[in-house]
Colleague: 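Here you go, one structure.
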Amino acid sequence: MPAEYVIVSASRKPKSRSRLMAAFLLEYYRAQRLEAALLDLRDVTLPFCDGDAAYGHPESVRCTAFLAEARVIIVATPVYNYDVNAAVKNLVELTGRSWENKVVGFVCAAGGLGSYMAVMSFANSLMLDFRCLVIPRFVYATSDDFQDDRISAEKIKQRLAELGEASVLVRYG
């Protein structure tokens with residue numbers, strides 16, 4: 001189902017904090033009666049990008065078409081080793097051109113405060129390679145912002161809503 005707003009949940013972890021934030025943002029869009037969908041990478045069996053045959057894999061083709069229909073892509077990712085996770089990097093490698101001229105936002109979950117700028121090299125590559133317009137309103141949350149498998153910090157809920165609002169207001173391409 002094509003959607004104007006696509007949230008990519010990049011975590012492969014069963015109890016994912018970035019997925020909780022993705023779900024919150026999805027509900028935000030739906031409450032605004034916007035066409036929104038979740039691309040949960042747990043449910044997608046993408047091959048590793050090999051620069052060749054992987055592009056023709058049925059899941060690569062499906063994800064490419066799905067992202068191409070979006071105007072806005074929000075990446076909800078865990079931060080591992082001071083970077084976005086490998087699953088979302090692989091997705092971009094396989095779906096490349098479908099990211100062109102998109103509005104892109106970031107929602108990140110990390111264990112601590114030390115990697116709050118982890119998405120910058122990824123964001124830069126999207127801006128330079130695919131002319132994405134990156135919303136400068138990243139949402140970064142740590143384990144302290146969650147309790148009992150839910151977002152407990154009101155400041156994170158507010159920042160997610162602000163990111164959602166910004167993504168609706170920004171027009172590009």
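For the single chain, residues carry numbers from 1 onward in sequence order.
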Colleague: Would you call R71-E4 a salt bridge at under 4.0 Å N-O?
Modeller: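 Salt bridge: yes.
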
Colleague: To the nearest 0.5 Å, how far apart are CG in L25 and CZ in R159?
Modeller: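 Answer for the CG-CZ pair, L25 versus R159, is 13.0 Å.
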
Colleague: Please confirm whether the backbone N or O of A86 pairs with a side-chain atom of N90, one donor and one acceptor, at under 3.5 Å?
Modeller: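 A pair under 3.5 Å: no.
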
Colleague: Does the side chain of S121 come within less than 4.5 Å of D83's, by heavy atoms?
Modeller: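 D83 vs S121: side chains touch.
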
Colleague: What is the minimum heavy-atom distance between S167 and V72, and which atoms define it?
Modeller: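 Between these two residues, the closest heavy atoms are O-CG2, 3.6 Å.
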
Colleague: Just checking, any donor-acceptor pair under 3.5 angstrom between side chains of E162 and Q158?
Modeller: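 On atom types as modelled, these side chains qualify, holding a pair under 3.5 Å.
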
Colleague: What closest approach, in Å, do S143 and G111 show between heavy atoms, and which atom pair accounts for it?
Modeller: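 Residues S143 and G111, closest heavy atoms: OG-O, 3.6 Å.
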
Colleague: For the side chain of K102 and the backbone of L133, is there at least one donor-acceptor N/O pair under 3.5 Å apart?
Modeller: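 Pair absent, no side-chain N/O of K102 close to backbone of L133.
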
Colleague: Is there a side-chain contact between Y5 and I74, using heavy atoms and a 4.5 Å cut-off?
Modeller: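 Of all side-chain heavy-atom pairs linking I74 with Y5, none is under 4.5 Å.
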
Colleague: Is the side chain of N85 donor-acceptor paired with the backbone N or O of V88 at a distance under 3.5 Å, no angle test?
Modeller: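 Between the backbone of V88 and the side chain of N85 there is a qualifying donor-acceptor contact (under 3.5 Å).
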
Colleague: Which heavy atom in A76 sits nearest to a heavy atom in I7, and how many Å separate them?
Modeller: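 Where A76 meets I7 most closely, the heavy atoms are CB-CG2, 4.4 Å.
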
Colleague: Under a 4.0 Å N-O cut-off, is there an ion pair linking D145 with R17?
Modeller: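 Salt bridge between D145 and R17, a charged N being under 4.0 Å from a carboxylate O: no.
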
Colleague: If you compare all heavy atoms of S60 against all heavy atoms of L94, which two are closest, and at what distance to 0.1 Å?
Modeller: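 Closest heavy-atom pair between S60 and L94: OG-CD1, 3.7 Å.
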
Colleague: Between F122 and F106, is there a side-chain heavy-atom distance shorter than 4.5 Å?
Modeller: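 The answer is yes; the side chains approach within 4.5 Å.
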
Colleague: Mind checking whether V61 and V6 sit in one hydrophobic cluster, side chains of I, L, V, M, F, W, Y counted as touching below 4.5 Å?
Modeller: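 Different hydrophobic clusters.
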
Colleague: Indicate yes or no for a side-chain donor-acceptor contact from Y172 to the backbone of R131 under 3.5 Å, with no hydrogens or angles considered.
Modeller: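 A pair under 3.5 Å: yes.
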
Colleague: Please check if atom CE in M127 has more than 12 non-hydrogen atoms from other residues, nucleotides or ligands closer than 6.0 Å.
Modeller: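 Buried by this count: over 12 neighbours within 6.0 Å.
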
Colleague: Under the side-chain contact (heavy atoms from CB on, under 4.5 Å) criterion, do V84 and V79 qualify, and how do the steps go?
Modeller: CA-CA 5 Å; V84 299; V79 173; 5.8 Å; no

Colleague: Determine, stepwise, if the pair V44 / C63 fulfils side-chain contact (heavy atoms from CB on, under 4.5 Å).
Modeller: CA-CA 9 Å; V44 179; C63 288; 3.8 Å; yes

Colleague: Using modelled atom types only, decide if a donor and an acceptor are shared between the side chain of R33 and the backbone of R30 within a distance under 3.5 Å.
Modeller: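 Flag not set: sc R33 to bb R30 has no pair under 3.5 Å.
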
Colleague: Please say yes or no: joined through hydrophobic side-chain contacts below 4.5 Å, possibly via intermediate residues, are M117 and Y82 part of one cluster?
Modeller: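 Not linked; separate clusters.
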
Colleague: How many angstroms lie between atom OG of S18 and atom CZ of F146, to the nearest 0.5 angstrom?
Modeller: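 Here the rounded value is 8.0 Å.
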
Colleague: Determine, stepwise, if the pair R150 / D148 fulfils salt bridge (charged side-chain N to carboxylate O under 4.0 Å, His left out).
Modeller: CA-CA 6 Å; R150 65 178 179 77; D148 300 325; 5.1 Å; no

Colleague: Answer yes or no: is there a side-chain heavy-atom contact under 4.5 Å between V8 and L91?
Modeller: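 Touching, per the 4.5 Å side-chain cut-off.
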
Colleague: Within a radius of less than 6.0 Å around CG of L128, do more than 12 heavy atoms belonging to other residues, nucleotides or ligands occur?
Modeller: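 More than 12 heavy atoms, drawn from other residues, nucleotides or ligands, come within 6.0 Å of this atom.
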
Colleague: Would you say the side chain of L39 lies within less than 4.5 Å of the side chain of S9, judging by non-hydrogen atoms?
Modeller: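 In short, these two side chains do not touch, never coming nearer than 4.5 Å.
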
Colleague: Heavy atoms only: give me the nearest A141-I156 pair and the separation to one decimal.
Modeller: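 Heavy atoms of A141 and I156 come nearest at CB-CD1, 3.9 Å.
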
Colleague: Find out whether V104 and I135 are in side-chain contact, i.e. whether some heavy atom of one side chain is under 4.5 Å from a heavy atom of the other.
Modeller: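 Not in contact.
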
Colleague: Out of curiosity, E93 CD to L46 CG, how far, rounded to the nearest 0.5 Å?
Modeller: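 Answer for the CD-CG pair, E93 versus L46, is 11.0 Å.
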
Colleague: Ignoring hydrogens and geometry beyond distance, is a side-chain donor-acceptor pair present between T64 and T95 at under 3.5 Å?
Modeller: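 Judged by distance alone, the side chains do not pair up.
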
Colleague: Calculate, to the nearest 0.5 Å, the distance between atoms CE and SG belonging to M21 and C108 respectively.
Modeller: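 Output value for this atom pair is 7.0 Å.
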
Colleague: Give the minimum heavy-atom separation between A87 and A10, together with the two atoms involved.
Modeller: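 Distance-wise, the nearest heavy atoms are CB-O, 3.6 Å.
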
Colleague: Cluster question for you: counting only ILVMFWY and a side-chain heavy-atom cut-off of under 4.5 Å, with indirect links fine, are V75 and M120 together?
Modeller: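 Result: yes, single cluster for both.
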
Colleague: Taking the side chain as every heavy atom from C-beta outward, state whether F130 and S125 have any atom pair closer than 4.5 Å.
Modeller: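 Of all side-chain heavy-atom pairs linking S125 with F130, none is under 4.5 Å.
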
Colleague: side-chain contact (heavy atoms from CB on, under 4.5 Å) between I73 and V103: does it pass, once the steps are laid out?
Modeller: CA-CA 6 Å; I73 301 172; V103 173; over 6 Å; no

Colleague: So do the side chains of R19 and K13 get within less than 4.5 Å of each other, counting heavy atoms only?
Modeller: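 No. Closest side-chain heavy atoms not under 4.5 Å.
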
Colleague: Any luck finding a side-chain donor-acceptor pair between Y80 and S115 under 3.5 Å?
Modeller: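 The answer is no; no qualifying pair exists.
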
Colleague: Are more than 12 heavy atoms, taken from residues, nucleotides or ligands other than Y116, located less than 6.0 Å from that residue's OH atom?
Modeller: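 No, OH of Y116 has 12 or fewer neighbouring heavy atoms, counting only those of other groups under 6.0 Å.
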
Colleague: To the closest 0.5 Å, what do you measure between CD (E165) and OH (Y28)?
Modeller: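 So the CD of E165 and the OH of Y28 are separated by 5.0 Å.
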
